[in-house]
Trainee: 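Provided herewith is a single structure, encoded as structure tokens, for subsequent inquiry.
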Number of protein chains: 2
Amino acid sequence: MDRRQRKTREAIFNAFTKLLSKKDFNRITVGEIIDGADVGRATFYAHFETKDYLLKEFCEELFCHIFDAENDSGHGHRHIFDCDSSKSVFLHLFQHLKKNDNNILNLLSSPNNELFLGYFGNNLEALVESHLSLFESAKEKELPPGFWKNHIVSTFTETLKWWVRNGMKESAEVITEYFLKVV
Amino acid sequence: MDRRQRKTREAIFNAFTKLLSKKDFNRITVGEIIDGADVGRATFYAHFETKDYLLKEFCEELFCHIFDAENDSGHGHRHIFDCDSSKSVFLHLFQHLKKNDNNILNLLSSPNNELFLGYFGNNLEALVESHLSLFESAKEKELPPGFWKNHIVSTFTETLKWWVRNGMKESAEVITEYFLKVV
DNA sequence: TCGTTACCGAACACAGTGTTCAATTACATT
DNA sequence: AATGTAATTGAACACTGTGTTCGGTAACGA
């Protein structure tokens, strides 16, 4: 990849990140992004088809850091947390999110973020799916598996939103407890 | 209220309803609404400050029919369903929603509907709050009451969305069962 | 060094929003 | 039925934001 491409791409991502910490995604304009990144308008559209695609690629990079790391560490320690690996997975996820490397939490707490929540949900669903232990109880309760999976994912997301909305006063451990109690 | 006002207001609501069955709220333009309602642009803005306020007032009328009726019937039969009034309330709500009088379900299933979900959630929260029986278990589980209430509301909404998304094949009774099982 | 490629920037067409205003029409009241 | 009031019209307007175009410039990789 051309060095120039890398630079502008990074500049756009940086400007985008900075803007995300200030305002909702939907209120951010392309004009603001290219001003912040100091690139031409045409350059932006040479890199990203629309603003939505920028978010999409932004999320992919973001989730790559979060969910892939989660999957890896999960695999690595699976034998340790075998008895309740699900607990460790979600705890790690909450801990990771609390670090707030990028502005993932701003995205989560802001309204009008269906796009982002969609991407987040997809990744989370894949993670949930790989932890079959939780699905055992689905059969006990005689629920459709799709319903049960959806419930876990949306409960996690809602828990996260609640946590952020209330200032993240609780520790990741406590939130994980709450989450597991209601699930 | 002037007859002309009532007529245009109704015409706008009708056009809005018709459009909602075809496309997402955010994709609907003021131009389309006034074309459908056959009113002047200035007239629209004389009635509604913005498109968002149109949705707001639309929701208020809609929820008036649903939640108020629910509260009334709830009060009326409270002594009958005393032992598990919560069950009856949510069942009635699901039944009512399945009728789909207006396009409430289209609004629910479409993306980018944070505004609508917000109004819906507020009404639902008030309803949940008035049924204290559910909160008993919150203390047992030692969860923050705000967390617990939020969980019930969002689980109901997510259940509803799941139901709609999957074609509403299940009966209201079955969905109520699912809902109560996971809660 | 040289051909390629990204970037610039300014202009452009387009769509949608919300406002303004004078002219018109329907309304409620007497 | 007459009258003053108030809603509606329609067309124009300024404004913001989107996405495209294109010739010129400069950085890049080989």
Side-chain angles (χ1 to χ4, degrees), chain A residues 1-59 61 106-107 110-116 118, chain B residues 1-59 61 106-107 110-116 118:
Chain A
M1 200 182 200
D2 198 313
R3 185 195 298 152
R4 288 170 293 180
Q5 285 189 61
R6 263 183 289 125
K7 277 192 175 178
T8 51
R9 188 181 169 86
E10 209 167 309
I12 288 174
F13 273 155
N14 285 338
F16 184 53
T17 304
K18 202 168 285 178
L19 285 166
L20 273 178
S21 66
K22 289 183 202 149
K23 45 165 67 179
D24 291 353
F25 170 72
N26 286 310
R27 296 191 169 280
I28 296 173
T29 67
V30 175
E32 289 172 317
I33 297 171
I34 63 177
D35 281 355
D38 196 35
V39 298
R41 184 168 198 77
T43 308
F44 176 89
Y45 284 104
H47 279 260
F48 305 99
E49 206 171 326
T50 67
K51 212 180 62 182
D52 287 352
Y53 279 97
L54 167 60
L55 178 62
K56 181 186 162 72
E57 302 199 18
F58 182 78
C59 286
E61 281 202 9
N106 286 315
L107 274 165
S110 77
N112 301 323
N113 54 354
E114 287 288 326
L115 259 181
F116 174 74
Chain B
M1 201 181 198
D2 198 313
R3 184 195 299 151
R4 288 169 293 180
Q5 283 188 62
R6 263 183 288 125
K7 277 193 174 177
T8 50
R9 189 182 168 86
E10 209 167 309
I12 289 174
F13 273 156
N14 285 338
F16 184 53
T17 304
K18 202 168 283 179
L19 284 166
L20 272 177
S21 66
K22 289 183 200 148
K23 46 165 65 179
D24 291 351
F25 170 71
N26 286 309
R27 295 190 171 280
I28 295 173
T29 67
V30 175
E32 289 172 317
I33 297 171
I34 63 177
D35 280 355
D38 196 34
V39 298
R41 185 169 197 77
T43 308
F44 176 89
Y45 284 104
H47 279 261
F48 305 98
E49 206 171 326
T50 66
K51 212 180 62 182
D52 287 353
Y53 279 96
L54 167 60
L55 178 63
K56 181 187 163 72
E57 302 200 18
F58 182 79
C59 286
E61 280 202 9
N106 285 317
L107 274 165
S110 77
N112 301 323
N113 54 353
E114 288 289 326
L115 260 180
F116 173 75

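Order of the sequence lines fixes the chain letters, A, B, ..., with proteins taken first and strands second; residue numbering starts at 1 for each chain.
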Trainee: Establish, yes or no, whether the cationic atom of Lys56(A) lies under 6.0 Å from the six-membered ring centre of Phe48(A) and within 45° of the ring axis.
Mentor: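 That pair does not qualify as a cation-pi contact.
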Trainee: Do the non-hydrogen side-chain atoms of Asp52(B) and Phe25(B) ever get within less than 4.5 Å of each other?
Mentor: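 Yes, at least one pair of side-chain atoms sits under 4.5 Å.
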Trainee: Kindly give the heavy-atom pair with the smallest separation between Phe116(A) and Leu55(A), and that separation in Å.
Mentor: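 Closest approach of Phe116(A) to Leu55(A): N-CD2, 4.1 Å.
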Trainee: Which nucleotide in the list dG29(D), dT9(D), dC7(C) gets nearest to the side chain of Ala42(B)?
Mentor: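 Nearest to the side chain of Ala42(B) among the choices is dT9(D).
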Trainee: Met1(A) has an atom CE; how far is it from atom P of dT4(C), in whole Å?
Mentor: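 It works out to 21 Å between those atoms.
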Trainee: Do Arg4(B) and Thr8(B) touch side chain to side chain, with heavy atoms closer than 4.5 Å?
Mentor: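 No, every pair of side-chain atoms sits at 4.5 Å or beyond.
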Trainee: Just to be sure I understand the rule, does Asp52(B) reach a base, reach only the sugar-phosphate, or reach nothing, if contact means heavy atoms closer than 4.0 Å?
Mentor: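 It contacts nothing in the nucleic acid.
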Trainee: Would you give the length of the straight line joining atom CZ of Phe16(A) to atom CD1 of Ile34(A), rounded to the nearest 0.5 angstrom?
Mentor: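 Going from CZ on Phe16(A) over to CD1 on Ile34(A), the span is 14.5 Å.
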Trainee: Would you kindly give the CZ-to-P distance between Phe44(A) and dT21(D), to the nearest whole Å?
Mentor: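 Atom CZ in Phe44(A) sits about 17 Å away from atom P in dT21(D).
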Trainee: Do Glu57(B) and His47(B) have side chains that get closer than 4.5 Å, going by heavy atoms?
Mentor: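 No; the side chains remain at least 4.5 Å from each other.
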Trainee: Quick one: Tyr53(A) OH to dG19(D) P, roughly how many Å, whole number?
Mentor: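 The answer, rounded to whole Å, is 11 Å.
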Trainee: Looking only at the side chain of Arg41(A) (C-beta and beyond, no hydrogens), which of the listed nucleotides dC7(C), dC28(D), dT18(D) gets closest?
Mentor: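 The answer is dT18(D).
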Trainee: Thr29(A) has a side chain; which of dT25(C), dT18(D), dA6(C) sits nearest to it?
Mentor: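 Taking heavy atoms from C-beta onward, the closest nucleotide is dT18(D).
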Trainee: Whole angstrom is fine here: how far is it from CZ in Arg3(A) over to P in dA26(D)?
Mentor: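 Between P of dA26(D) and CZ of Arg3(A): 18 Å.
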Trainee: It should be established whether Thr50(A) places a side-chain nitrogen or oxygen under 4.0 Å from OP1 or OP2 of nucleotide dT18(D).
Mentor: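 Checking Thr50(A) against dT18(D): no side-chain N or O falls below 4.0 Å of OP1 or OP2.
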Trainee: Just compare dT17(C), dC8(C), dA6(D) and give me whichever is closest to any side-chain atom of Val39(A).
Mentor: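 Comparing dT17(C), dC8(C), dA6(D) against the side chain of Val39(A), the answer is dC8(C).
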Trainee: Taking OP1 and OP2 of dG19(D), is either one under 4.0 Å from a side-chain nitrogen or oxygen of Tyr45(A)?
Mentor: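 It does, given that an N or O in the side chain of Tyr45(A) lies less than 4.0 Å from OP1 or OP2 of dG19(D).
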Trainee: Thr43(A) side chain N/O closer than 4.0 Å to the phosphate oxygens (OP1, OP2) of dA6(C)?
Mentor: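 It does not, given that no N or O in the side chain of Thr43(A) lies less than 4.0 Å from OP1 or OP2 of dA6(C).
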Trainee: Can you tell me the distance, in whole Å, between the CZ atom of Phe48(A) and the P atom of dG17(D)?
Mentor: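 Phe48(A) atom CZ is separated from dG17(D) atom P by 20 Å.
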Trainee: Can you check the Asp35(A) CG to dA10(C) P distance for me, whole Å?
Mentor: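 Interatomic distance, CG of Asp35(A) to P of dA10(C): 13 Å.
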Trainee: Is the phosphate of dA7(D), meaning OP1 or OP2, less than 4.0 Å from a side-chain N or O of His47(B)?
Mentor: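 For His47(B), the contact criterion (side-chain N or O under 4.0 Å from OP1 or OP2 of dA7(D)) is not met.
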Trainee: Can you check the Arg9(B) CZ to dT8(D) C1' distance for me, whole Å?
Mentor: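 Computing the Arg9(B):CZ to dT8(D):C1' distance gives 16 Å.
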Trainee: Of Ile28(B) and Arg6(B), whose closest DNA chain C nucleotide lies nearer the 5' terminus?
Mentor: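 Final value for this comparison: Ile28(B).
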Trainee: Using a heavy-atom cut-off of 4.0 Å across all strands, would you classify Asn26(A) as base, sugar-phosphate, or nothing?
Mentor: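 Answer is nothing: Asn26(A) stays at 4.0 Å or more from every strand.
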Trainee: Any idea which of dT18(D), dT20(C), dA7(D) is nearest the Val30(A) side chain?
Mentor: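 That would be dT18(D).
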Trainee: From C-beta outward on Arg4(A), which listed nucleotide comes closest to its side chain: dT18(D), dG9(C), dC7(C)?
Mentor: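 Closest of the options to the side chain of Arg4(A): dC7(C).
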Trainee: Between dG9(C), dG18(C), dA6(C), spot the one nearest the side chain of Asp2(A), thanks.
Mentor: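 Of the candidates, dA6(C) comes closest.
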Trainee: Could you state the atom-to-atom distance from NZ of Lys51(B) to P of dG16(C) in whole Å?
Mentor: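 From Lys51(B) NZ to dG16(C) P: 10 Å.
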